[in-house]
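Below is one structure, written out as structure tokens, with a few remarks after it.
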Amino acid sequence: MVNLLQFDRAGLGDFCEQLGEKRFRATQLFRWIHQRGERDPAAMTDLAKSLRDKLATSAVIEALPVASEQVAADGTIKWLFDVGAGDAIETVFIPEPGRGTLCISSQAGCAVNCRFCATGHQGFSRNLSSAEIVAQLWHAEFDLRRRLGLAPGERAITNVVMMGMGEPLQNYAALVPALRTMLDDHGYGLSRRRVTVSTSGVVPMIERLRDDCPVALAVSLHAPDDVLRDELVPLNRKYPIAELFAACRGYLERAPRDFITLEYCMLDGVNDSPEQASALLALVRGNGGADSGLACKINLIPFNPFPASGLHRSSPARVAAFAAVLQEGGIVTTVRKTRGDDIAAACGQLAGEVQDRTRVAERSVRAVPVRIQRRPEAAAGARVRSAP
Ligand code: SAH
Ligand code: SF4
């Protein structure tokens with residue numbers, strides 16, 4: 001049985017052809033699935049009977065089993081979905097006045113292994129399929145419409161951020177059809193500006209996304225120089241900041257917005273000093289030449305602790321001082337509000353359940369000893385996690 005959630009509309013057209021049906025029928029079918037949340041082909045009354053009959057024997061619209069659901073005091077909802085073989089992934093809905101944002105996972109675990117991230121800490125199990133990525137949106141949208149009593153046509157989810165578990169650009173083949181389904185006017189109809197891919201900096205895939213499906217881009221920077229970024233985001237050793245910024249400048253030529261969002265997780269005594277703020281300002285401003293700097297907005301994310309991280313959140317005063325340096329330098333800088341931390345749904349706390357399938361030998365090669373220098377006064381009692 002083929003799960004129809006895996007297809008974007010073009011893919012569904014191919015599938016209809018394989019069944020001996022006209023391609024254009026895919027549009028009707030796509031609308032039933034993604035605009036009305038219908039799972040039963042027999043209920044799709046305006047579809048040709050021949051297609052309904054064929055679908056009944058060859059296809060399913062298979063959602064993900066919900067392992068648990070938690071609602072935070074601030075209304076944030078976190079779903080844990082069972083994706084089989086001991087893996088579970090998390091999806092978070094963040095309600096705000098006038099909009100609803102869904103934070104979607106792209107992998108069970110993550111291989112990038114950033115020092116400050118609960119998902120990275122768990123290791124990597126596998127890529128999610130396009131169907132599993134879309135199923136998170138499908139479930140959330142239609143579950144919320146029922147709960148909120150929305151009228152037909154009213155949308156619960158207005159924004160999607162690929163900021164859940166995993167590195168979306170290390171699961172590129174599955175990501176792109178899922179993004180197309182989100183953007184499709186016959187699907188979820190989200191504008192490119194309201195769908196954000198967040199990446200730790202997979203340079204070749206930033207270049208491909210620019211050509212295949214340019215949505216809003218957020219880049220997880222976290223450090224103003226390569227020495228520190230190498231430690232915090234190990235992928236930087238492969239794609240250092242100069243290459244990353246060059247790819248971002250290229251991306252901007254086709255991006256739906258005229259800036260890249262840079263995410264910067266504020267770690268007490270690690271990357272949050274006023275000197276580091278000045279270095280970051282100089283980095284994004286560049287030296288005035290076309291080949292440096294980056295048109296960006298900076299989003300500071302106070303570190304969300306998780307067990308065994310050994311790291312600490314910067315104090316509000318330190319975050320404010322850091323932001324002030326950037327703002328005075330003319331860079332739009334915001335501090336991300338922490339949402340849903342009472343149910344461990346905040347950035348970097350998503351851990352689901354992941355069977356680490358990377359061999360221990362491989363992981364210890366990948367992880368180098370950490371040499372982060374902390375301010376002496378912040379160092380007491382804190383230890384950066386060493387190689388697993
Ligand atoms: N893999 C992608 C997207 C998922 S993480 C990426 O790294 O961009 C989404 C954001 O949360 C990233 O900016 C990530 O660096 C940040 N993050 C990870 N762990 C965090 C933590 N413990 N506290 C705050 N932000 C964190
Ligand atoms: Fe992976 Fe992103 Fe976490 Fe880094 S921050 S380990 S890239 S999910």
Closer than 3.5 angstrom, by distance alone: can the side chain of [X] be matched with the main-chain N or O of [Y] as a donor-acceptor pair?
X	Y	value
Arg229	Leu221	yes
Arg31	His186	no
Ser105	Gln107	no
Glu38	Met44	no

Considering all heavy atoms of both residues, which atom of [X] and which atom of [Y] are nearest to each other, and what is their separation?
X	Y	result
Ala42	Arg52	O-NH1, 3.7 Å
Ser125	Asp87	OG-OD2, 2.6 Å
Phe7	Phe30	O-CE1, 3.6 Å
Ser130	Ala174	OG-O, 2.8 Å
Tyr251	Ile206	CD1-O, 3.4 Å
Glu62	Asn3	N-OD1, 3.0 Å

Taking NZ, NE, NH1 and NH2 as the nitrogens, is one of them in Asp53 or Lys49 under 4.0 Å from a carboxylate oxygen of the other?
yes
Working note: Leu262 + Phe245, criterion side-chain contact (heavy atoms from CB on, under 4.5 Å); need CA distance, chi angles, decisive distance, verdict.
CA-CA 11 Å; Leu262 295 181; Phe245 274 28; 4.2 Å; yes
CZ of Arg115 to CZ of Phe303: how many Å apart, nearest 0.5 Å?
12.5 Å
Whether Phe322 and Tyr264 hold their rings parallel, tilted or perpendicular, with breakpoints at 30° and 60°
tilted
